[in-house]
K.L.:
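Dumping the structure here so I can ask a few things about it.
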There are 2 protein chains.
Amino acid sequence: MNNALLAPIKCGDCPIRHRAVCARCDDDELTQLESMKTYRTFAAGDVVLWRGEPLEFVASVVSGVASLSKTMEDGRTQMVGLLLPSDFIGRPGRTEIEFDVTATTEITLCCFSRLPFEKLVDRTPHVAQRLMELALDELDAARDWMLLLGRKTAREKIATFIEMLTRRAQLDQSGSVEALDLPLTRDQIANYLGLTLETVSRQFSALKKDGIIDFSDRRHFVVNDLAALHEETGDDADGGILS
Amino acid sequence: MNNALLAPIKCGDCPIRHRAVCARCDDDELTQLESMKTYRTFAAGDVVLWRGEPLEFVASVVSGVASLSKTMEDGRTQMVGLLLPSDFIGRPGRTEIEFDVTATTEITLCCFSRLPFEKLVDRTPHVAQRLMELALDELDAARDWMLLLGRKTAREKIATFIEMLTRRAQLDQSGSVEALDLPLTRDQIANYLGLTLETVSRQFSALKKDGIIDFSDRRHFVVNDLAALHEETGDDADGGILS
DNA sequence: TCATATGTTTGATCTAGGTCAAAGTTTGTT
DNA sequence: AACAAACTTTGACCTAGATCAAACATATGA
């Protein structure tokens with residue numbers, strides 16, 4: 001199978017590459033997708049989807065960041081995923097989700113109505129194949145995170161998180177060396193890493209004191225030494241966390 | 001779509017229902033599957049697949065239990081999944097895995113060579129659909145486990161684990177009330193739950209002291225009070241962990 | 001501009017679960 | 001039966017990270 005043909009492509013005027021769509025889609029398919037496309041914007045803090053709510057659309061993140069999270073009865077919450085630009089929301093064949101999706105920054109989604117989209121998927125096996133790819137990528141990411149949650153120290157967790165944000169930013173913005181956006185509050189980061197917000201703050205301070213990162217303000221950081229940062233993640237040389 | 005048609009069915013003389021195969025498979029497809037089927041048995045402790053090793057086969061677990069695990073350079077390990085009878089091993093479109101698969105008890109797999117199986121999948125969209133279902137189930141299970149690893153106490157983790165084993169046993173053996181098999185050592189359970197083996201042992205002792213479970217020997221337990229056990233899991237009434 | 005709300009940092013203290021150590025159990029082997 | 005290897009339990013102690021508390025920033029709005 002030709003991998004180039006499976007590479008994600010741009011779709012209309014979206015600034016991102018839709019991972020669910022690829023160069024094997026013919027013009028007719030792309031036109032159909034284009035015609036069912038609508039944009040939706042949510043403010044930081046808005047809930048995009050509640051757990052158990054019927055799914056009306058699938059979507060790609062065009063800009064901004066959203067979180068997937070699970071909450072226990074007593075309020076303890078754990079993020080189970082982060083949606084960054086170009087990530088896909090949708091579960092082929094499922095009509096609901098079992099976690100909340102919340103915008104952590106202002107976010108714009110490129111939405112496709114679920115039913116027409118699924119009909120298109122049923123007719124086009126290579127799109128179905130691509131969605132399977134995405135599901136397996138998410139599964140790999142979830143399992144990497146299980147290792148992080150179960151076995152890493154607070155410092156390793158923070159280093160892994162910053163490295164992941166840096167990698168993603170490099171992928172998307174092709175290597176700008178400016179300060180990067182920290183799209184979550186300390187509290188949200190804590191919920192992502194299985195820590196408390198105080199521990200997150202302390203570890204940020206420690207990494208800063210050690211000269212590995214710097215903060216221009218509390219929502220923007222710079223990595224001074226990527227190799228040193230990687231050393232702190234606990235992952236082996238080639239790097240465990242991807243996507 | 002008719003759900004009954006998507007229910008897993010028995011395949012030849014396997015004592016389990018293959019989740020990857022369903023009643024929509026026609027006789028021709030079933031015959032093809034039957035012809036590419038081989039059984040493999042591994043002793044407790046054997047590695048079924050190493051991380052990074054090319055996948056030669058996909059398989060269903062017929063009997064016994066295997067674990068999926070990730071290991072850090074310094075030896076810390078975290079299980080990222082358990083394979084119980086009827087579970088499926090295989091990643092459509094992927095040629096390798098990024099975790100180790102190890103038999104934790106003697107295990108028998110019903111294997112299908114990967115390439116012929118994938119060709120069959122490509123020809124039969126409903127099997128592809130079913131594999132997508134399985135991937136999404138795994139993803140849901142992984143995310144439930146992320147909540148467990150990130151936010152639950154040792155006691156809640158142990159209770160959740162025992163409840164999960166009990167649920168699965170009820171599903172498979174239709175409600176026998178005898179002692180259930182504990183298919184992992186204390187050390188393996190610790191690696192599954194993000195704990196140490198000593199903590200696992202102490203929590204087992206505590207639950208026993210509280211009359212919630214009993215041990216006939218160290219590899220067999222009885223749940224005296226399922227409702228009380230559920231109370232200890234931290235999950236809400238309807239129960240979070242499925243699979 | 002001041003006031004109030006929302007985040008963040010830092011310090012002091014506490015504790016769940018880890019670590020270290022030793023004694024029991026079970027299982028398999030000769 | 002006796003020994004060894006593997007696994008489990010229990011106790012004593014320790015520590016990473018949680019909890020509690022207070023000061024400090026930064027933003028929003030009247």
Side-chain angles (χ1 to χ4, degrees), chain A residues 43-46 72 74-78 102 104-106 148-161 181-210 213-221 232 234, chain B residues 43-46 72 74-78 102-106 148-161 179 181-210 213-221 232 234:
Chain A
D46 283 1
M72 293 172 69
D74 63 3
R76 281 176 281 175
T77 88
Q78 176 65 50
T102 312
T104 65
T105 65
E106 177 172 286
L148 175 141
L149 291 171
R151 294 299 179 203
K152 289 193 175 183
T153 64
R155 176 177 259 243
E156 288 170 340
K157 287 176 175 181
I158 293 285
T160 305
F161 172 68
D181 206 50
L182 199 57
L184 303 172
T185 64
R186 302 295 185 264
D187 190 44
Q188 290 166 334
I189 296 169
N191 284 335
Y192 195 28
L193 300 176
L195 297 170
T196 58
L197 69 99
E198 293 94 333
T199 299
V200 170
S201 179
R202 278 185 244 272
Q203 295 299 334
F204 276 153
S205 300
L207 288 176
K208 186 176 161 183
K209 186 161 136 293
D210 295 344
I213 56 173
D214 270 309
F215 288 89
S216 45
D217 66 67
R218 61 188 177 178
R219 297 297 285 255
H220 297 274
F221 68 96
E232 301 294 340
Chain B
D46 283 1
M72 293 171 69
D74 62 3
R76 282 176 281 175
T77 87
Q78 176 64 52
T102 313
T104 65
T105 65
E106 178 172 285
L148 175 141
L149 291 171
R151 294 300 178 201
K152 288 193 175 183
T153 64
R155 176 178 259 243
E156 288 170 341
K157 288 176 175 182
I158 292 284
T160 305
F161 173 68
D181 206 50
L182 200 56
L184 304 173
T185 64
R186 302 295 185 263
D187 189 47
Q188 290 166 333
I189 295 168
N191 284 336
Y192 195 28
L193 299 176
L195 297 170
T196 60
L197 70 97
E198 293 94 332
T199 299
V200 170
S201 178
R202 277 185 246 273
Q203 295 299 333
F204 275 152
S205 299
L207 287 176
K208 186 177 162 183
K209 187 162 136 290
D210 294 345
I213 57 173
D214 271 310
F215 287 89
S216 44
D217 66 68
R218 61 187 174 177
R219 297 295 287 254
H220 296 273
F221 68 95
E232 301 294 340

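Every chain is numbered from 1, with letters handed out A, B, ... down the list of sequences. Quick note: numbers below take in every heavy atom, side chains included, and nothing from hydrogens, waters or symmetry partners.
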K.L.:
For A/Phe215 and C/dT8, what is the distance between atoms CZ and C1' respectively, to the nearest whole Å?
P.N.:
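A/Phe215 atom CZ is separated from C/dT8 atom C1' by 11 Å.
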K.L.:
Please tell me if the side chains of B/Lys208 and B/Phe215 come closer than 4.5 Å, counting only heavy atoms from C-beta onward.
P.N.:
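Of all side-chain heavy-atom pairs linking B/Phe215 with B/Lys208, at least one is under 4.5 Å.
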K.L.:
What's touching nucleotides 11-17 of chain C from the protein side, N or O pairs under 3.5 Å?
P.N.:
{"unit_1": "C/dG11", "atom_1": "N7", "unit_2": "A/Arg202", "atom_2": "NH1", "d": "2.9"}
{"unit_1": "C/dG11", "atom_1": "O6", "unit_2": "A/Arg202", "atom_2": "NH2", "d": "3.2"}
{"unit_1": "C/dA12", "atom_1": "N6", "unit_2": "A/Arg202", "atom_2": "NH2", "d": "3.3"}
{"unit_1": "C/dG17", "atom_1": "OP1", "unit_2": "B/Ala154", "atom_2": "N", "d": "2.9"}

K.L.:
Can you give one letter per nucleotide of nucleotides 24-30 of chain D, 5' to 3': B if a protein heavy atom sits under 4.0 Å from the base, S if only from the sugar-phosphate, - if neither?
P.N.:
--S----
K.L.:
Output all residues satisfying ring pair (Phe, Tyr, Trp, His ring centres under 6.0 Å) with B/Phe221, sequence neighbours left out; order by chain, then residue number.
P.N.:
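Not a single residue meets the ring pair (Phe, Tyr, Trp, His ring centres under 6.0 Å) criterion with B/Phe221.
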K.L.:
Starting at CZ of B/Arg186 and ending at C1' of D/dA6, how long is that distance when rounded to a whole Å?
P.N.:
13 Å
K.L.:
Once side-chain hydrogen bond (donor to acceptor under 3.5 Å, both in side chains) is applied, do any residues pair with B/Arg219, and if so which ones, sequence neighbours excluded?
P.N.:
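Partners of B/Arg219 under the side-chain hydrogen bond (donor to acceptor under 3.5 Å, both in side chains) test: none.
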K.L.:
Can you tell me the distance, in whole Å, between the CG atom of A/Leu207 and the P atom of C/dT10?
P.N.:
13 Å
K.L.:
What is the distance, rounded to the nearest whole Å, between atom CZ of A/Phe221 and atom C1' of C/dT8?
P.N.:
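It works out to 17 Å between those atoms.
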K.L.:
Mind checking side-chain hydrogen bond (donor to acceptor under 3.5 Å, both in side chains) for A/Asp214 and listing every partner two or more places apart, or none if nothing turns up?
P.N.:
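Once residues adjacent in sequence are excluded, the partners of A/Asp214 under the side-chain hydrogen bond (donor to acceptor under 3.5 Å, both in side chains) criterion are A/Asn224.
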K.L.:
Is A/Ser205 close enough to C/dT10 that one of its side-chain N or O atoms is under 4.0 Å from OP1 or OP2 there?
P.N.:
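True: A/Ser205 side-chain N/O within range (under 4.0 Å) of C/dT10 OP1/OP2.
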K.L.:
Could you pull out all residues at least two apart from A/Arg218 that satisfy side chain to side chain contact (heavy atoms under 4.5 Å, CB included)?
P.N.:
A/Arg186
K.L.:
Side-chain contact, heavy-atom cut-off 4.5 Å: B/Thr160 with B/Lys157?
P.N.:
no
K.L.:
Is A/Ser201 touching bases, backbone alone, or none of the nucleic acid, heavy atoms closer than 4.0 Å?
P.N.:
base
K.L.:
Anything under 3.5 Å between a donor and an acceptor, one on a side chain of residues 194-205 of chain B, the other on a protein residue two or more places apart or in another chain? List them.
P.N.:
{"unit_1": "B/Thr196", "atom_1": "OG1", "unit_2": "B/Thr199", "atom_2": "N", "d": "3.4"}
{"unit_1": "B/Thr196", "atom_1": "OG1", "unit_2": "B/Thr199", "atom_2": "OG1", "d": "3.1"}
{"unit_1": "B/Ser205", "atom_1": "OG", "unit_2": "B/Ser201", "atom_2": "O", "d": "3.1"}

K.L.:
Quick one: A/Leu193 CG to D/dA18 P, roughly how many Å, whole number?
P.N.:
11 Å
K.L.:
In whole Å, I'd like the distance from the CG atom of A/Leu197 to the C1' atom of C/dG7.
P.N.:
9 Å
K.L.:
In whole angstrom, give the distance that lies between atom CG of A/Leu184 and atom P of C/dT6.
P.N.:
19 Å
K.L.:
When the nearest nucleotide of DNA chain C is assigned to A/Arg151 and to A/Arg219 on a heavy-atom basis, which residue is associated with the more 5' position?
P.N.:
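The 5'-side residue here is A/Arg219.
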K.L.:
List in chain and number order the residues that pass salt bridge (charged side-chain N to carboxylate O under 4.0 Å, His left out) with B/Asp74, two or more places apart in sequence or in another chain; answer none if no residue qualifies.
P.N.:
B/Arg76
K.L.:
Let me check the geometry of the helix from C/dT1-D/dA30 to C/dT30-D/dA1. What is the bend angle between the axes at its two ends, five pairs each, to 10°?
P.N.:
40°
K.L.:
Among all residues two or more places apart in sequence or in another chain, which pass the salt bridge (charged side-chain N to carboxylate O under 4.0 Å, His left out) test with B/Arg155?
P.N.:
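Scan of B/Arg155 (salt bridge (charged side-chain N to carboxylate O under 4.0 Å, His left out), adjacent residues dropped) gives B/Asp210, B/Glu232.
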K.L.:
Holding to side-chain hydrogen bond (donor to acceptor under 3.5 Å, both in side chains), I want the full list of residues that pass it with B/Thr77, two or more places apart in sequence or in another chain.
P.N.:
B/Asn191
K.L.:
May I ask you to test the A/Leu182-A/Ile189 pair for a side-chain heavy-atom distance under 4.5 Å?
P.N.:
yes
K.L.:
Starting at CG of B/Leu182 and ending at P of C/dT26, how long is that distance when rounded to a whole Å?
P.N.:
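Whole-Å distance recorded here is 15 Å.
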